[in-house]
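Everything below concerns the one structure shown next.
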Amino acid sequence: MLEWLQNQGGTYHNFIDGAFVESRTSYTPIYNAANAEQLLGYFPDSSEQEVNEAVDAAERGLSRIAQLSMTDRSHIMLRFAELLLRDRQELAYRIAAEQGKVLSEALGEVDRARNEAIFVATEALRVQGLHVPAERAGMHNYVQQVPIGVVAAIAPWNFPVVTPVRKIVPAFIYGCSVVFKPASYTPFAAAKLMELFAEANVPSGAINMIVGSGRIIGKALVAHPKVRGISFTGSTDQGMNIQQVAAARLAKTQLELGGKNAAIVLSADHVAKIAKQIVSAAFGCTGQRCTAISRVIVRSSIKQELTSAIVEEAQKLNIGPAWKESSQMGPLINAQHMKSVCTHIKGALDEGARLLTGGGRMTGGLYDKGNYLEPTIFDHVQSQMKIATEEVFGPVLTIQEVDSVEEAIEVANATKYGLATSIFSTILQEAFAVSNAIQSGMIHINHGTSSAHHLPFGGVKQSGFGAFSIGSTNQQFYTEPKVTYIEY
């Protein structure tokens, strides 16, 4: 990987109407998250005018997609999935370099993207309409699902391959064209995705990419009158702003937002096994994922045993860059995010939480070149503390003690978020009762918060809005019903 990185540092462009187009604005350097001295490349800081050009190209692309049968579109995306496999290693290197996650996680992200692409490509052949009996003789009535038109796909920096694929592939399959905006922190892998879509013979204008700040091009995309749908993954505050702008012109939205996910531990036969699952879900991807477990809500009878096991497991983690095979957790993405996470840690201490392990920046040697933070665990946390209610998006875990199932439910629901919840119990009846009472879009019983590539993914409350992504629910966002009456 190190040898590959030494050959990077080129200039990358927007992808509009089937070709890479040099931006008329300035270019911004992107550096390796694990080594701030390593230049990955220069990327456009695009203008609103370039957004307009990309949207116009996408509008032209709609007619080209419409000329393809559903089988044609399926074959194109299956070819794209083959290319993901062929270039798996390079894509993983790009993810690890720009985002900071360790290589095993980056490879897993590419594999997940491929699996999701295959599922959507094959699911497309099973899209069905509805034939409805007429009110009188000599009539046929039917309902079909038609594409909504141009879609803005706005992706976050924590999953620079799987999230774009999750948005772009179903859009194309269901007949929509796309203007894709990668996160300004992570456009390196996105540029490679555009190469692969082009190689898979996606029609010109069907998939476009424009790189730049959310403040300029993201805002322009969301407000553009030709953009009929916005699929966004990111913070709740940004999602709410997007919803307000989209609502003013009745554009559809699919919003995947923040989380404050809990692991509720009520009883256990193997505490060490549960601790491993919690640590994996809390500190995988350095805690920089919306489904990361950030709260442990544990019954007092097993609290001490579980807490000790979690701390012991977290302290075993090897922290380092992706090019070290032993690394299990990488750096935070950049200095700005490190500052944000450290502010949350200081706030927790100020509010009276007890630090059990971690809490500090790692220094010395290679750690000085990246933003490495120790896995951090707090005890004596109360529900009113900010550390228990606000999304940290880093390797920080809190532990709260409860005396009953009812209290566990109350504490778990005492947040504005509702994305994913894990419930651990040896009594299945108890686990189901808690599951029914938890305000969450996804429930995992005796299981961490990892999701499947073919099941709907999304949250409730301030964790999401609109149709869930992945799985069959994607069709609800990218299509709308069209009713036809025929008299004969």
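In this chain, residues are counted from 1 in sequence order.
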F465 atom CZ: more than 12 heavy-atom contacts under 6.0 Å:
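Atom CZ in F465 is not packed in, count stays at 12 or less.
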How about H454: does its NE2 atom have over 12 heavy atoms from other parts shown lying under 6.0 Å from it?
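Open.
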With sequence neighbours left out, what residues match D56 under salt bridge (charged side-chain N to carboxylate O under 4.0 Å, His left out)?
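Checked D56 against salt bridge (charged side-chain N to carboxylate O under 4.0 Å, His left out); matches are K226.
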Non-neighbouring partners of R215 that pass salt bridge (charged side-chain N to carboxylate O under 4.0 Å, His left out), sequence neighbours left out
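Scan of R215 (salt bridge (charged side-chain N to carboxylate O under 4.0 Å, His left out), adjacent residues dropped) gives none.
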Nearest-0.5 Å distance, [atom1] of residue [X] to [atom2] of residue [Y]:
X: F188; Y: I95; atom1: CZ; atom2: CD1; result: 11.0 Å
X: R73; Y: L78; atom1: CZ; atom2: CG; result: 14.0 Å
X: L257; Y: Y417; atom1: CG; atom2: OH; result: 8.5 Å
X: I264; Y: I438; atom1: CD1; atom2: CD1; result: 3.5 Å
X: M194; Y: I207; atom1: CE; atom2: CD1; result: 6.5 Å

With sequence neighbours excluded, give me every side chain to side chain donor-acceptor pair (under 3.5 Å) pair touching [range].
range: residues 40-49; value: N14-S46, S47-E50
range: residues 243-252; value: Q243-T253
range: residues 455-465; value: Q439-K461

Please evaluate residues L455 and I470 with respect to the criterion side chain to side chain contact (heavy atoms under 4.5 Å, CB included), reporting the C-alpha separation (whole Å), side-chain torsions for both, the decisive distance (0.1 Å), and the verdict.
CA-CA 6 Å; L455 291 177; I470 319 182; over 6 Å; no
Is the distance between the ring centroids of F43 and Y12 under 6.0 Å?
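Yes, the ring of F43 comes within the 6.0 Å limit of the ring of Y12, centre to centre.
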Pair N32, L39 - check side chain to side chain contact (heavy atoms under 4.5 Å, CB included), show working.
CA-CA 6 Å; N32 189 332; L39 176 68; over 6 Å; no
Applying side-chain hydrogen bond (donor to acceptor under 3.5 Å, both in side chains) between Y185 and each of H337, Q99, Q336, report the one that passes.
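With Y185 as partner, H337, Q99, Q336 yield a single side-chain hydrogen bond (donor to acceptor under 3.5 Å, both in side chains), made by Q336.
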Donor-acceptor pairs under 3.5 Å, side chain of residues 169-181 to any protein atom, not counting sequence neighbours: which ones?
from	atom 1	to	atom 2	distance (Å)
S177	OG	A58	O	2.7
K181	NZ	G212	O	3.2

For L83 and D87, what are the C-alpha separation, side-chain angles and deciding distance, and is it a side chain to side chain contact (heavy atoms under 4.5 Å, CB included)?
CA-CA 6 Å; L83 297 174; D87 291 351; 5.5 Å; no
Flag for D72-Q67: side-chain donor and acceptor within less than 3.5 Å
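No.
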Under a 3.5 Å threshold, yes or no: a donor from one side chain and an acceptor from the other, between Q238 and S235?
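Yes, S235 and Q238 have a side-chain donor paired with an acceptor closer than 3.5 Å.
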Do the charged groups of [X] and [Y] touch, with an N to O distance under 4.0 Å?
X: R94; Y: E90; result: yes
X: R361; Y: D368; result: no
X: E390; Y: K260; result: no

If the condition is side-chain hydrogen bond (donor to acceptor under 3.5 Å, both in side chains), which residues does T479 pass it with, not counting sequence neighbours?
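side-chain hydrogen bond (donor to acceptor under 3.5 Å, both in side chains) check on T479 returns Q145.
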Could I get the full list of side-chain hydrogen bond (donor to acceptor under 3.5 Å, both in side chains) partners for S104, not counting sequence neighbours?
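Not a single residue meets the side-chain hydrogen bond (donor to acceptor under 3.5 Å, both in side chains) criterion with S104.
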Output, in order, the C-alpha distance, side-chain angles, deciding distance and verdict of side chain to side chain contact (heavy atoms under 4.5 Å, CB included) for I423 and I443.
CA-CA 8 Å; I423 302 166; I443 300 290; 3.9 Å; yes
Any residue meeting ring-ring contact (aromatic ring centres under 6.0 Å, His included) with Y372, in chain and number order, not counting sequence neighbours:
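For Y372, the residues satisfying ring-ring contact (aromatic ring centres under 6.0 Å, His included) (neighbours in sequence not counted) are Y367.
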Please list, chain by chain and in numerical order, all residues satisfying ring-ring contact (aromatic ring centres under 6.0 Å, His included) with H13, sequence neighbours excluded.
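Per chain and number, H13 pairs via ring-ring contact (aromatic ring centres under 6.0 Å, His included) with Y27.
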Working note: R289 + E105, criterion salt bridge (Lys or Arg N to Asp or Glu O under 4.0 Å); need CA distance, chi angles, decisive distance, verdict.
CA-CA 12 Å; R289 56 183 179 185; E105 292 174 336; 5.9 Å; no
Donor-acceptor contacts, no H, no angles, side chain residues 313-320, under 3.5 Å, sequence neighbours left out:
from	atom 1	to	atom 2	distance (Å)
E313	OE2	K276	NZ	3.3
Q315	NE2	T357	OG1	3.1
N318	ND2	S326	O	3.4

Stepwise, does the side chain to side chain donor-acceptor pair (under 3.5 Å) test hold for S451 with R112?
CA-CA 10 Å; S451 58; R112 173 62 179 257; 3.2 Å; yes
Let me check something: any side-chain donor-acceptor pairs from residues 149-167 under 3.5 Å, sequence neighbours excluded? List them with distances.
from	atom 1	to	atom 2	distance (Å)
N158	ND2	Q288	O	3.1
T163	OG1	F159	O	3.3
R166	NE	E116	OE1	3.0
R166	NE	E116	OE2	3.3
R166	NH2	E116	OE2	2.8
K167	NZ	S231	OG	2.9
K167	NZ	T233	OG1	2.8

